Every structure is written in C-alpha cells, then in structure tokens.
Amino acid sequence: EQYIVSARKYRPQNFESVIGQNSLTTTLKGAIETNHLAHAYLFCGPRGVGKTTCARIFAKTINCFHPKENGEACDECDSCISFNEQRSMNIIELDAASNNGVDNMRSFIEKVQIPPQMGKYKVFIIDAFNAFLKTLEEPPAHAIFILATTEKHKIIPTILSRCQIYEFSRITINDIVSNLKQIAEKEGITADEDSLNVIAQKADGAMRDALSIFDQVVNFCGGNITYDKTIQNLNVLDYDYYFKIVDALLEGKVKDTLLIFDKILSKGFEGQYFVDGLASHIRDLMVSKDEETIK
C-alpha cells in the first residue's frame, strides 16, 4: 500500500472534522443552510490551521445535490464524489502571484465567466490576490472567491471591503493532542500524553505541522512513541532540567545551577534556546499556582 503522510491522509473532509475552528465552521454551515452566500470570502490566519481545507469543504458543500440537515455535504452524490476524488471542475486553486501576467489574467477572467458543468457554483481559492480586484467587483452569479492568506495586513482595503472576513485562530495544544490521540489509535500506534504534548507545543498552533512532526517521530520510534525518544528526535530539552535549575536557584546553589547549565550546553543546546525555555517554564509555574489561571 502506498504511504500517505498523515497531513493528507487525515485532512478533514467535512466541517465537523475540522479541528479548533468551531465558531467559523458553524457560521459557514449557517450561511449554506440559509442560502446567504457572499461572492467573496477572506480566510486569514497562521499557517496550517485549516484555511484551504475549510475552503475546499465549503466548495464541496455548496455544490452538494443532497446536503444534510446539519449543513454538511452528503458525500454520496456525483458532485461530492468528484470533489472527494479531486477531479471536480468546480474548484480552482490559484497562486495569483505567479498568475498575474496579462495572458494569465485574461485566461482567469474567461474561466470565471464559464458556468459550472455540474452543481451551482465554481469556487476559486486564491493566494496573493491583489491583482484580482476588477474580477471581484463584478463577478458572475455562479462564481465564489475564497481568498486565503497568512498576511491580512498586506491586503489593500478595496479588496477587504468586498469580502466576508473569517479569522482563523491557532489550534490549542489540547485540541492538537486530542486529534493526535485519535490518529495514533487508528494507526495502531501507542503514544504517551507527554510525547504528544511535546509534538503539539513544537507545532506552534498548526495542525498540519503537528501531523508532519508526528510522522517524523513515528518513523524514529516505530509503533511505540515515548517521551524520551520524542525529545531525542526533535532535539527538545527535557523539562526535568528546568525543574532542577529552579530548585537549585531557590536553594541558592549557584555552583549546581552553573553545572546543570554546562551539561545542557554540552548536549548541543544553544544558550538562548535554554533561556527562552526557562522563561516559559517559570511562566508555567506562576500560572499553575492559582486555580483561575491553571487552565
């Protein structure tokens, strides 16, 4: 069987399976159910949080012949099947930065004018899109544009004013860990909570990054992911060192503190990396001392 990376294999296929963006997916489903569709949307937020994934799910759902009552696509009609098999002609993904020549623009405008062969709408998912202002001003009724970016601040105001704006948030560590647990279970892999927490922290709020790191750790550890092997593979400093340092500092043991720090440096970790980690550790210690902030 051909190997497929987890970020592709477990890419959400409906709104319900999108991780950590409940308010946005609920709003999108509501717009579909009530048929209140704008002709242009802006999906913005950090990398790997589901912007393009939600755009694809949205495109599939608004073209579904038999949508479910909960605002999801049926996944059974001809339109849904063509979307799932990545052969639908109703979804077009463009990188405007490399398609901004005169000929490219003329070809794009011609594509916009052609109505869909199956379903109601053609959906254009566009990245780097300031060149498309004219097309956004006077779109045909069957065209919906979804502009995806990590840099909303670089978009000119005239584009922003023509879009419904959806701001995607970073995915929480708890949501990432929960999703990784489900994937590990499906793949027959055992993984302890500490290991998955390390992966989630390393991913910095991006589910796609978490899945890529997860695959890397699986390749290193095999079917049993442990905390020790995870920090070894990802070159993460064991948090036990931070506990030891803080204990030594509280007891005024300067010599022990320096020896621990020297041991950390001898393992190949940069001093700045250690200081950043120590600051984060002390912050965690502080917020965990009060019930209101422990969450």
Side-chain angles (χ1 to χ4, degrees), residues 3-29 41-61 83-84 86 91-98 123-129 145-155 163-187 189 191 193 195-220 225 230-231 233-236 276 280:
Y3 174 71
I4 302 173
V5 295
S6 296
R8 284 182 55 205
K9 186 174 182 179
Y10 293 101
R11 189 171 204 157
Q13 298 299 315
N14 54 31
F15 287 122
E16 187 180 1
S17 58
V18 173
I19 306 295
Q21 309 293 348
N22 290 343
S23 60
L24 296 184
T25 56
T26 300
T27 306
L28 289 172
K29 287 198 290 183
Y41 294 85
L42 175 65
F43 289 1
C44 51
R47 72 185 191 285
V49 296
K51 299 185 296 297
T52 304
T53 293
C54 279
R56 290 173 177 171
I57 294 169
F58 183 74
K60 178 173 78 170
T61 307
F83 266 92
N84 292 340
Q86 298 182 350
I91 183 167
I92 298 161
E93 297 188 42
L94 293 166
D95 172 16
S98 55
V123 179
F124 298 84
I125 302 175
I126 305 166
D127 180 22
F129 30 74
F145 301 93
I146 300 178
L147 316 180
T149 184
T150 57
E151 300 177 314
K152 176 188 168 188
H153 59 281
K154 290 187 178 180
I155 304 167
C163 298
Q164 281 191 12
I165 300 174
Y166 288 77
E167 303 221 16
F168 285 66
S169 56
R170 291 181 184 275
I171 300 171
T172 66
I173 287 176
N174 285 344
D175 282 341
I176 291 177
V177 170
S178 176
N179 195 41
L180 290 177
K181 278 182 182 176
Q182 293 177 22
I183 290 171
E185 192 175 321
K186 290 176 183 175
E187 295 292 320
I189 295 165
E193 186 110 5
S195 304
L196 298 182
N197 263 288
V198 170
I199 294 171
Q201 289 176 37
K202 193 85 169 174
D204 194 27
M207 194 67 235
R208 185 177 61 226
D209 288 11
L211 290 170
S212 297
I213 296 168
F214 176 76
D215 283 348
Q216 175 185 328
V217 174
V218 168
N219 289 338
F220 180 76
I225 299 176
T230 300
I231 62 172
N233 180 244
L234 300 180
N235 198 32
V236 173
D276 290 343
S280 178

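Computed from a predicted model, the values in this text were never measured in an experiment. Any value given below was found using the heavy atoms of this structure, including those in side chains, with hydrogens, waters and symmetry copies removed. One is the number of the first residue; the rest follow in order along the sequence.
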*asked:* I need the minimum non-hydrogen distance between Ala203 and Ile176, along with the two atoms involved.
replied: CB-CD1, 4.5 Å

*Look only at the side chain of Lys51 and the backbone of Phe168, and say whether a donor-acceptor pair between them is shorter than 3.5 Å.*
no

*Kindly indicate whether the side chain of Ile183, heavy atoms from C-beta on, has any atom under 4.5 Å from the side chain of Lys9.*
no

_Close side-chain approach of Glu93 and Thr52, heavy atoms under 4.5 Å_ = yes

*Going by heavy atoms in the side chains, are Val5 and Leu211 under 4.5 Å from each other?*
no

*Rounded to the nearest 0.5 Å, how far apart are OH of Tyr10 and CG of Leu180?*
11.0 Å

_Parallel, tilted or perpendicular: rings of Tyr166 and Phe43 (30°, 60°)_ = perpendicular

*If you measure only the distance, is there a donor-acceptor pair under 3.5 Å linking the side chains of Thr53 and Arg11?*
yes

*Rounded to the nearest 0.5 Å, what's the gap from CD1 on Ile199 to CG on Asp215? Could you check?*
9.5 Å

_Nearest 0.5 angstrom please: Cys44 SG to Lys154 NZ, how far?_
14.5 Å

*Does any non-hydrogen side-chain atom of Cys54 lie less than 4.5 Å from one of Thr25?*
yes

*Below 4.5 Å, heavy atoms only, C-beta onward: do Asp209 and Asp204 meet side chain to side chain?*
no

*Any idea which heavy atoms bring Lys29 and Phe15 closest together, and the distance?*
CG-CD1, 3.3 Å

*Lys60 side chain reached by Asn84 side chain, heavy atoms, under 4.5 Å*: yes

*For residues Ile91 and Ala59, report the shortest heavy-atom separation together with the two atoms involved.*
CD1-CB, 3.9 Å

*Considering all heavy atoms of both residues, which atom of Ala191 and which atom of Leu196 are nearest to each other, and what is their separation?*
CB-CD2, 3.9 Å

*Inter-residue atom distance Arg170.CZ - Arg47.CZ, 0.5 Å rounding*: 7.0 Å

*About how many Å separate CD of Gln21 and OG1 of Thr26, when rounded to the nearest 0.5 Å?*
11.0 Å

*Does a side-chain heavy-atom distance below 4.5 Å link Thr230 with Val236?*
no

_Atom pair NZ (Lys202) and CD1 (Ile173), whose distance is rounded to the nearest 0.5 Å_ = 13.0 Å

*Are any side-chain N or O atoms of Ser280 and backbone N or O atoms of Asp276, one a donor and one an acceptor, separated by less than 3.5 Å?*
no

*asked:* Less than 4.5 Å apart, side chain to side chain, heavy atoms only: is that true for Val218 and Glu187?
replied: no

*asked:* Restricting to non-hydrogen atoms, name the atom on Ala200 and the atom on Val177 that form the minimum distance, rounded to 0.1 Å.
replied: CB-CG2, 3.8 Å

*How close do Ile57 and Pro12 get, heavy atom to heavy atom, and via which atoms?*
CD1-O, 3.8 Å

